[in-house]
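Everything below concerns the one structure shown next.
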2 protein chains.
Amino acid sequence: MTTALKNTAKATRLSNARRTALLKALADPRRFELLERIARNNCPLGCAQARSAMPISPATLSHHIKELETAGLIDVRREGKFHFLSLRPGVLDALASKLKLLETASCPAPPALARK
Amino acid sequence: MTTALKNTAKATRLSNARRTALLKALADPRRFELLERIARNNCPLGCAQARSAMPISPATLSHHIKELETAGLIDVRREGKFHFLSLRPGVLDALASKLKLLETASCPAPPALARK
DNA sequence: TCGACATTTCGACAACTATCGAATTGATTA
DNA sequence: TAATCAATTCGATAGTTGTCGAAATGTCGA
C-alpha cells in the first residue's frame, strides 16, 4: 500500500526543482544519447560498454553518468570494478506527463497568429 | 491532406537537434515559468503582462522570449508596439512522446539494483 | 516632429558546464 | 604485496548562458 502509493506519487508529482534538474540533465546531447543507450539496452548497460560506444573520455563519461544519477534518471549498480547503468522507471513518464499537462492547459492559438 | 500529414509528422518527429534545442529552452526555470504562464493564459499573453508578473528586467524577458521562439515553442504576434505570446501547438506533445518512447524502450530494472 | 512607451540590442560580467589529461581510488588476481 | 584494470576525482580550459543597465529601435499619438 505504502509502496504502491509512493510509486504513484512519484509518477505524477514533480517539484519545480526536480523538473529543472531533469531538464538540465537531458539538455546535453551527449547525455541524452547516453540515456538512450541505457534505455534501449535489454539489461543494465555496462559502463565499459558505454565507453566503447561513445567517443568521449572516461572522465567525461563519469561526469555525465554522475549528472544523470544525481538528477535521478538512472541507477548505478556496482559489481566489483564494474558499474552497470539502468533507467530509473517512471521518471521520464512523470516529466512527459508534466509537459503534456502544459500542452493541455493552453488554449488553441488563433489561426491568424503571425509567426514572423 | 498535405497539411494533415504535415501536422502529424510534426507531432511525432523530432530531430536530435530540435530535441536538444527544446530541452535547453525548457531547462531554465525562469523560462519554464514564462512558458507556463503563456500556456495557462486563456488567450495570447501580452508581453507587458509577462513583464509585470515576473521580477526580471525587460532585457532578460526579451532574451527569454527569443529563446522560446527560436526553439519553436512559442509564437510571437506583433501588434504595433505590443507583442503577444502564445504556445505553439503540438511541440510539447512531440517532446513528451519522445520521452515516453524512451521510457517504453527500457527494460524493467531488477529489484536488486543498488542505488548507492 | 517630438515625446512617450514597448521592446530589442549591445556589451559586460559572473556563473555554469562540457571536456580533457593526469592523478587517485578501489577492486581483483597472481 | 604488486600489478593490472575500471572508474572517479581534480584542476584547468574554453565555451555557454542568465542577468542587467544603457543605448537603440520601432510604434503611436499629439
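Throughout, protein chains are lettered first and strands after them, A, B, ... in sequence-line order, and every chain is numbered starting at 1.
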Practice task
Find the distance I56(B):CD1 to dC20(D):P and express it as a whole number of Å.
Solution key: 7 Å
Problem - Whole-Å gap separating C1' (dC5(D)) and CZ (F82(A)) - result: 8 Å
Problem - Which nucleotide in dT9(C), dA18(C), dC20(C) has an atom nearest any side-chain atom of S57(A) - result: dC20(C)
Completion exercise
Per-nt protein contacts along nucleotides 22-27 of chain D (heavy atom under 4.0 Å; B base, S backbone sugar-phosphate only, - none) come out as ----BB
Exercise for the section: Before accepting this row, confirm whether a basic side-chain N of the pair E33(A)/R31(A) lies closer than 4.0 Å to the acidic partner's carboxylate O. Expected result: no
Practice task
Compute both the distance and the angle, then confirm whether R19(B) meets the cation-pi test with F32(A): under 6.0 Å from the six-membered ring centre, within 45 degrees of the axis.
Solution key: yes
Practice task
Would you check, one step at a time, whether the test side-chain contact (heavy atoms from CB on, under 4.5 Å) holds for M54(B) with R37(B)?
Solution key: CA-CA 10 Å; M54(B) 300 175 76; R37(B) 290 182 183 280; 3.7 Å; yes
Exercise for the section: State the CD1-CD distance between I74(B) and E69(B), to the nearest 0.5 angstrom. Expected result: 6.0 Å
Problem - Exercise: identify the closest heavy-atom pair between A71(B) and A21(B) - result: CB-O, 3.9 Å
Completion exercise
From CZ of R78(B) across to P of dC5(C) the rounded distance in Å is 22 Å
Practice task
Using a heavy-atom cut-off of under 4.0 Å over every strand shown, decide if H63(B) touches base, sugar-phosphate, or nothing.
Solution key: base
Practice task
Scan R51(A) against the nucleic acid and name what it touches under 4.0 Å (heavy atoms): base, sugar-phosphate only, or nothing.
Solution key: nothing
Fill in the blank from the handout: Per nearest nucleotide of DNA chain D, the residue lying toward the 5' end, K66(A) or T60(B), is K66(A)
Completion exercise
Rounded to whole Å, CE of M54(A) lies from C1' of dT19(C) at a distance of 13 Å
Exercise for the section: Taking all heavy atoms of E67(B) and all of A25(B), pick out the closest pair and write down the distance. Expected result: O-CB, 4.3 Å
Handout entry: Whole-Å gap separating P (dT16(D)) and CZ (R30(A))
Key = 14 Å
Practice task
Take the protein atom CD of E67(A) and the nucleotide atom P of dT8(D), then report the distance between them rounded to whole Å.
Solution key: 13 Å
Problem - Nearest-angstrom distance from the residue atom CG of L68(A) to P of dT17(C) - result: 14 Å
Exercise for the section: Going by the side-chain contact (heavy atoms from CB on, under 4.5 Å) test, name the single residue among L73(A), I38(A), N41(A), L35(A) that passes it with L85(A). Expected result: I38(A)
Problem - Atom-pair distance (CG on L61(B); C1' on dT19(D)), nearest Å - result: 12 Å
